[in-house]
Amino acid sequence: MVERYNAKEAEPRWQAEWAARELFRTSNDDPRPRYYVLEMFPYPSGRIHMGHVRNYTMGDVVARYKRARGFNVLHPMGWDAFGMPAENAAIQNNVHPKTWTYANIDAMRAQLKVMGLSLDWSREVATCDPSYYRHQQRMFLDFLDAGLVTRKTAKVNWDPIDGTVLANEQVIDGRGWRSGAAVEQRELTQWFFKITDYAADLDARLDTLERWPDKVRLMQRNWIGRSEGLLIGFALDPSTSPSGEDRLDIYTTRPDTLFGARFLAVAPDHPLAKAASERDPALAGFISECRRLGTAQEAIDRADKLGFDTGIRATHPFDPAWRLPVYVANFVLLEYGTGAIFGCPAHDQRDLDFVNRYGLGATPVVCPADQDPDTFVVTDTAYDGDGRMINSRFLDGMSIGEAKEEVASRLEAEVRDGRPVASRKVNFRLRDWGISRQRYWGCPIPMIHCKRCGIVPVPREGLPVVLPDDVSFDQPGNPLDRHPIWRDVSCPSCGGPGRRETDTMDTFVDSSWYFARFTDPHLAEVPTDRAVADSWLGVDQYIGGIEHAILHLLYSRFFMRAMRRVGWVGRDEPFDGLFTQGMVVHETYRDASGAWVQPADVRLEGMSGGRRAFHVKTSEPIEIGPIEKMSKSKKNTVDPDDIIASYGADTARWFMLSDSPPERDVIWTEEGVQGAWRFVQRIWRLVGDAAELPSGAGGDPVAPLRRTAHKTVAAVQDDIEGLRFNRAVARIHELANAIAAELQGGGDPAAIREAVRLTVQLIAPMMPHLAEECWRALGASGEGGTQLVAEAPWPEVDVTLLVEDVITLPVQVNGRKRADITVPRDADALAIEAAVLSLEAVRRAMEGRPPRKVIVVPHRIVNVVA
RNA sequence: GCGGGCGUGGCGGAACCGGUAGACGCGCUGGAUUUAGGUUCCAGUGACGCAAGUCGUGGGGGUUCGAGUCCCUCCGCCCGCACCA
């Protein structure tokens with residue numbers, strides 16, 4: 001009897017062996033074809049969680065598989081190490097952010113090593129290290145020179161609790177993504193990366209990212225928000241405008257509805273609104289009302305459509321006698337288009353809500369096919385569907401598309417005061433990326449403010465601008481502002497007194513290029529070696545959470561383009577293949593007082609419908625709640641360390657791959673883990689039994705088990721390539737079942753030994769420690785026992801075994817299965833037809849009727865139609 | 001509101017192009033072995049039926065020799081965006 005597989009003893013031993021052999025160290029000089037697999041690097045929060053385990057296991061399977069397939073694989077790991085939690089820890093626990101961060105990195109690195117991941121640790125980087133961020137500062141200056149950096153005053157999302165600016169992406173339902181505080185709007189001067197320069201390209205190139213999930217491409221497309229429209233210059237009556245202004249540019253995507261216009265409206269911050277408010281105190285009051293309302297994003301979301309008539313009058317571009325009022329309206333955004341619109345209430349819900357409040361009326365100009373143009377009216381619900389133009393003079397009868405084209409070409413051709421009245425314009429929702437953060441624990445922005453010279457870059461030889469260590473967090477705000485020694489420097493240009501920029505960069509900058517740095521992470525003078533970077537990029541397979549579908553991935557795509565512009569890389573797209581994995585979820589538990597209880601403290605009894613839960617210590621009944629993402633706040637977490645300590649890393653890895661498709665959420669259950677653990681032991685038993693078989697015995701080249709084993713290798717190969725790990729797992733189970741049956745039934749010993757050996761190779765990417773142990777037990781490690789399974793090439797599939805000589809076809813009568821028939825693989829349709837019709841079961845089902853038709857789908861199915 | 005996705009046993013899920021629905025795992029039932037128990041092995045496990053068989057992939061309709069898969073329609077759930085003109 002074979003002993004149990006002892007993961008606790010074996011796993012560290014094999015990890016040490018891999019490390020000693022430097023198996024996962026990647027050379028940039030290796031001539032083999034390259035494969036770059038990368039998982040999104042973690043924030044060093046303190047401990048790894050099950051989401052990390054799932055993410056890194058998937059990446060590791062790919063890395064180990066591709067290595068076996070003969071690729072020179074790059075599989076690095078690092079730390080997204082700047083950010084607010086470190087400062088929060090500093091404030092709460094009086095520990096320096098640097099100390100806290102590096103302690104966490106050490107703890108998490110140790111945890112990852114225990115998982116047995118095939119990472120090249122020699123390439124590890126931490127973004128908070130000056131050896132990393134000096135290059136980021138260098139690239140900031142490069143981008144500045146290339147015109148990709150601007151400084152502008154902008155309305156920003158201000159988080160009053162964290163005391164910092166947030167990107168639009170960091171505002172969720174009007175609240176700060178970390179603090180949960182209601183976000184306010186503030187005007188601040190900020191540094192921006194001009195991502196909008198690439199808006200069109202970032203949009204267009206989404207089509208070429210074929211190995212990205214459609215969902216992510218769509219989310220990016222919506223975020224970039226490309227729209228085609230018309231910029232129309234409405235003539236203003238100068239006698240009504242504040243300073244004789246005679247033109248107002250508006251942006252519209254619906255120029256076809258121009259004859260349904262009822263009003264124009266500008267944003268409260270629009271220059272025309274400001275000018276008009278100076279002569280009209282009531283209007284000024286309305287505008288400040290809008291601002292007050294506008295401080296909290298939440299209020300904006302709920303606000304009614306409010307407006308104020310400026311008294312300014314505009315003229316319709318197609319009718320000099322048609323005058324339109326100009327309003328200031330709270331729902332018009334200054335940042336989008338021109339900050340001014342024309343309102344067509346019949347075909348835009350916001351405009352309709354607006355006119356219904358102010359009694360301006362609505363004329364429908366698009367009539368749906370099922371409505372009579374003479375009676376079609378719009379009252380409460382705007383019509384934005386398809387139809388024919390009505391009430392629109394020369395546009396009547398046209399389709400929407402034709403009308404858009406007609407309006408555009410007429411107004412383009414018409415010149416007023418030496419300018420065309422209108423021009424076609426592609427607009428984007430995407431805004432420039434504000435990267436300034438009023439925070440200490442981030443990459444310093446390498447600029448110096450000088451009273452005489454303005455804002456001056458730190459000379460490149462003066463980099464890095466290193467964060468000072470001696471800071472305190474006893475007051476709110478940015479400690480860098482209160483650090484005179486660091487802050488006050490002489491101007492690099494005139495030598496006079498200067499002041500460092502004390503804002504630091506958004507941490508999304510740090511993670512926008514780490515994948516490029518990994519290609520040659522220890523270069524001291526430059527961020528990348530262009531040739532080396534180009535030899536690895538784009539990342540062949542990037543794996544991470546869907547939560548980064550927009551921000552991180554879009555910023556990285558921008559950053560690659562910017563890096564290319566200044567010469568650090570030679571391509572635009574960072575990630576050729578992207579996979580977004582699902583979350584790890586778990587039941588939630590609460591006690592009678594409503595307090596969350598962690599799974600480790602819960603004892604479960606009963607099954608499916610009648611399950612009940614009790615507290616392990618108090619035996620108090622526990623309420624079983626919904627299955628949710630593992631989170632500290634709901635205490636429904638399972639600690640990877642605990643699982644690895646009880647079952648071993650391989651069991652945890654196997655379970656992570658087995659139950660659910662990788663893109664879907666996986667429910668962590670104790671039963672599931674135990675199932676995985678049992679399978680580990682089962683493999684170990686099969687290997688032990690197979691090793692005891694007499695060697696040299698048997699050898700049937702077409703033994704059924706040989707066929708099964710080789711088919712499984714082919715299928716698993718396919719599944720891993722397609723990241724269908726759950727199916728690969730199921731197939732390995734089937735092979736194990738087949739082997740067990742052959743062992744039981746005294747099957748061909750040579751075939752069994754081969755099948756077991758193949759099984760070990762199939763599990764090697766997933767359960768690498770167990771596989772090594774089995775490999776050695778099977779004596780597969782070659783002369784002198786020197787070769788590890790991690791070094792072995794992927795098994796060659798014997799393709800002749802994949803094709804059977806005889807096949808079994810299901811036989812249907814009228815689409816209902818009645819029998820099976822076994823025929824030679826190359827049997828012709830007529831022969832099969834005759835054989836099928838003579839089957840007893842078929843005759844019975846035909847009830848004496850003659851067959852009308854017999855459909856023979858080669859190698860698939862036979863259907864007799866009665 | 002706009003955009004997208006998904007509904008298959010008690011549960012997680014398989015089913016590539018329309019071709020044997022329910023692979024594989026979990027759970028459960030019965031039996032065997034061993035044990036203090038976990039373990040291991042064998043058999044069973046969509047529903048109804050003694051059986052032959054009938055029904056069955058959210059509901060209804062359609063296309064087809066044949067539909068979980070394609071089309072129409074309704075219902076339910078989930079995700080993303082949200083005053084973007």
Side-chain angles (χ1 to χ4, degrees), chain A residues 1 4 172-174 213-216 218-219 221-223 225-227 229-230 250-255 257 265 267 300-305 329-333 335-344 347-351 353-354 381-382 384 427-431 546-547 549-550 607-609 655 658-661 664-667 669-679 681-682 685 718 722 724 726-737 740 744 808-820 844 851-857 859-866:
Chain A
M1 183 61 200
R4 254 192 204 163
I172 294 150
D173 293 331
D214 289 342
K215 182 187 169 82
V216 174
L218 191 70
M219 284 165 74
R221 178 147 288 147
N222 291 339
W223 191 262
R226 182 181 192 276
S227 72
L230 201 60
I250 63 95
Y251 179 72
T252 181
T253 56
R254 292 298 301 272
T257 64
I300 296 176
D301 294 344
R302 272 199 276 273
D304 286 327
K305 306 280 174 283
N330 66 347
F331 64 94
V332 179
L333 306 173
E335 300 83 19
Y336 187 77
T338 62
I341 61 159
F342 89 83
C344 175
H347 305 290
D348 183 291
Q349 191 61 46
R350 291 156 303 175
D351 296 348
D353 293 344
F354 186 76
T381 307
D384 60 3
N427 233 321
F428 296 93
R429 285 178 44 190
L430 186 69
R431 306 289 153 70
I546 187 75
E547 67 274 18
I550 298 173
M607 42 179 252
S608 45
F655 177 60
S658 49
D659 251 14
S660 296
R664 252 186 259 181
D665 291 351
V666 63
I667 305 172
T669 61
E670 189 63 25
E671 291 86 350
V673 182
Q674 281 171 6
W677 184 82
R678 282 199 299 268
F679 188 68
Q681 298 301 336
R682 184 159 191 234
R685 277 196 309 276
D718 237 41
R724 293 179 294 267
N726 57 321
R727 272 178 28 178
V729 164
R731 289 186 156 126
I732 294 170
H733 269 286
E734 284 177 301
L735 178 56
N737 290 344
Q744 205 84 36
T808 300
L809 298 175
V811 177
Q812 296 181 328
V813 176
N814 290 332
R816 197 173 293 274
K817 193 197 165 193
R818 297 293 176 180
D820 287 307
R844 193 161 9 107
R852 284 201 289 136
K853 200 164 153 194
V854 179
I855 293 149
V856 179
V857 183
H859 306 147
R860 287 241 137 190
I861 199 166
V862 182
N863 191 12
V864 182
V865 187

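Lettering follows sequence order; numbering is per chain, from 1.
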For nucleotides [N] and [M], find the distance between their [atom1] atoms and express it as a whole number of Å.
N: B/rG4; M: B/rC48; atom1: C1'; answer: 40 Å
N: B/rU33; M: B/rU39; atom1: C1'; answer: 11 Å
N: B/rG59; M: B/rG49; atom1: C1'; answer: 26 Å
N: B/rG68; M: B/rA51; atom1: C1'; answer: 29 Å
N: B/rC16; M: B/rA23; atom1: P; answer: 15 Å
N: B/rA47; M: B/rG22; atom1: P; answer: 14 Å
N: B/rG46; M: B/rC78; atom1: C1'; answer: 26 Å

**OP:** Please work out whether B/rC28 sits syn or anti, treating a glycosidic angle within 90° of 0 as syn.
**Re:** anti

**OP:** Answer syn or anti for B/rG27, where the cut-off is 90° from 0 on the glycosidic torsion.
**Re:** anti

Give one of base, sugar-phosphate or nothing for [X], where a contact means two heavy atoms less than 4.0 Å apart.
X: A/Ser660; answer: sugar-phosphate
X: A/Arg724; answer: nothing
X: A/Asn737; answer: sugar-phosphate
X: A/Val332; answer: base
X: A/Arg844; answer: sugar-phosphate
X: A/Leu218; answer: sugar-phosphate
X: A/Arg254; answer: sugar-phosphate
X: A/Arg731; answer: nothing
X: A/Gln812; answer: base

Across all strands shown, which nucleotide pairs with [N] by Watson-Crick or G-U wobble geometry, both distances under 3.5 Å?
N: B/rU63; value: none
N: B/rC16; value: none
N: B/rU69; value: none
N: B/rC48; value: B/rG53
N: B/rA43; value: B/rU29
N: B/rG80; value: B/rC2

Spacing of [X] atom [atom1] and [Y] atom [atom2] [to the nearest 0.5 Å]:
X: A/Tyr251; Y: A/Leu230; atom1: OH; atom2: CG; result: 8.5 Å
X: A/Leu430; Y: A/Ile550; atom1: CG; atom2: CD1; result: 10.5 Å
X: A/Phe655; Y: A/Phe679; atom1: CZ; atom2: CZ; result: 15.0 Å
X: A/Asp659; Y: A/Asp665; atom1: CG; atom2: CG; result: 12.5 Å

Respond yes when some side-chain nitrogen or oxygen of [X] is under 4.0 Å from OP1 or OP2 of [N], and no when none is.
X: A/Arg816; N: B/rG56; result: no
X: A/Asn726; N: B/rA14; result: yes
X: A/Tyr251; N: B/rA85; result: no
X: A/Arg678; N: B/rG27; result: yes
X: A/Arg818; N: B/rU20; result: no
X: A/Arg664; N: B/rG12; result: no

**OP:** Check whether any side-chain N or O of A/Arg724 sits under 3.5 Å from a backbone N or O of A/Asp718 as a donor-acceptor pair, and report yes or no.
**Re:** yes

**OP:** Check whether any side-chain N or O of A/Asn863 sits under 3.5 Å from a backbone N or O of A/Gly815 as a donor-acceptor pair, and report yes or no.
**Re:** yes

